[in-house]
Novice: 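First, the structure itself, so that you have it in front of you.
Counting starts at 1 for both ligands and their atoms, following the listed order.
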Amino acid sequence: LGMPSVPTKIAERRRSRQIQVGSVAVGGDAPVSVQSMTTTRTSDIGATLQQIAELTASGCQIVRVACPTQDDADALSTIARKSQIPVIADIHFQPKYVFAAIEAGCAAVRVNPGNIKQFDDKVREIAKAAKEHGTPIRIGVNAGSLDRRLLQKYGRATPEALVESALWEASLFEEHDFRDIKISVKHNDPVVMIEAYRQLAAQCDYPLHLGVTEAGPAFQGTIKSAVAFGALLCEGIGDTIRVSLSAPPVEEVKVGNQILESLNLKQRGLEIVSCPSCGRAQVDVYKLAEEVTAGLTGMEVPLRVAVMGCVVNGPGEAREADLGVASGNGKGQIFVKGEVVKTVPESKIVETLIEEAMKLAEQMEAA
Ligand code: SF4
């Protein structure tokens, strides 16, 4: 009897055509990128640029800004010029803002065809302007604003309805020889969303922007997004992701990056491997893990730090990590690269780990 074969890696990436969103390539063999969206009034240029700077610092690679008014449209060129990362204008209802965003030098424009009346008639002009400026278009289909014709045909926003809407809109652009497109088909139900993206992935080669729409407050939205993106990314589907949370956008970026790091689609930064604690714990693991995390947050180098409550799994995990502690008898054995470098009293564990982490970081940076 042979051993059952168990997958040990995620599926090969789906081959999509590559587009260029400003300085960030999306699709093809480009790394999966993380996006977010500002919550400021776009017309408030200072506040918007401030938030974009915060998002950039937290690891956001592409940012989207809403454009519901003429004042917002007027702000786009300054924002696009001064932002450190590519800016995508998000347009619903008013096609005139699509042209304004293209003219303003936005890195891409997201259009929601379901929200633009007689969209089909506008495609020729949009394709022409976008082509002239080299501006990609995201066709952003959303369950909450699905084209009425498709809602009537399918009765509700099924995966088939979302995909048909997206591919129909893409075909309108294709008629004008415009293929500088990425697509999203968002739904608030991860099961529907996963199926929609699977179908879409099989039927076109456009890069795909993953999103669970209206995912909810941070806890629920994080889990919904992690489950949905995790399933799709494991199948090789997805070229850029946006986690939607009813929480500050910096949180979306942290979650997005953590999802990619969890699947090794992005180099891991600081990773704390801490045990959940149990009746054997000889130290307050939660407190220790929190203090170590707080002390090391912001370190740029990838570092795996094990914080273990007792000697059952402690030495093993601590040895596997770059750095670790296994606690017991009011003391902590400190491991660096698999070797016990010292044993310190419990009160000195955190500062010793931080000290050793700094030394390791210096060595890594010098190497
Ligand atoms: Fe419990 Fe020790 Fe495992 Fe932590 S390392 S969960 S304290 S057995």
Novice: Check Glu251 with Lys254, please: is the shortest side-chain N to carboxylate O separation under 4.0 Å?
Specialist: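 Yes.
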
Novice: Which residue holds the protein heavy atom closest to atom 4 (Fe) of ligand 1, what is that atom called, and what is the gap in Å?
Specialist: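 Atom 4 (Fe) of ligand 1 sits closest to the protein heavy atom Cys275 SG, 2.4 Å.
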
Novice: Do Thr39 and Gln51 get their side chains close enough for a donor-acceptor pair, meaning under 3.5 Å?
Specialist: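 Yes, side-chain donor-acceptor contact under 3.5 Å.
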
Novice: Is Glu271 salt-bridged to Arg304, cutoff N-O under 4.0 Å?
Specialist: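 Answer for the salt bridge query: yes.
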
Novice: For residues Glu252 and Ser36, is any side-chain donor paired with an opposing acceptor at under 3.5 Å?
Specialist: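 There is such a pair between these side chains.
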
Novice: Check whether any N, O or S atom of Cys278 sits under 2.8 Å from atom 4 (Fe) of ligand 1.
Specialist: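 It does not: Cys278 brings no N, O or S atom closer than 2.8 Å to atom 4 (Fe) of ligand 1.
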
Novice: Closest non-hydrogen protein atom to atom 2 (Fe) of ligand 1, residue and atom name please, with distance?
Specialist: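 Of the protein heavy atoms, Cys310 SG, 2.3 Å lies nearest.
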
Novice: Identify the protein heavy atom lying closest to atom 3 (Fe) of ligand 1, giving its residue, its atom name and the separation to 0.1 Å.
Specialist: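 Of every protein heavy atom, Asn313 ND2, 3.8 Å lies nearest to atom 3 (Fe) of ligand 1.
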
Novice: Quick one: nearest non-hydrogen protein atom to atom 8 (S) of ligand 1, plus distance?
Specialist: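 The answer is Arg280 NH1, 3.3 Å.
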
Novice: Are there over 12 heavy-atom neighbours, none belonging to Glu320, within less than 6.0 Å of that residue's CD?
Specialist: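 Atom CD in Glu320 is not crowded, with 12 or fewer foreign heavy atoms closer than 6.0 Å.
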
Novice: Which of the numbered atoms in ligand 1 are under 4.0 angstrom from any heavy atom belonging to Ala281?
Specialist: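 With Ala281 as reference, the close atoms of ligand 1 come out as 7 (S).
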
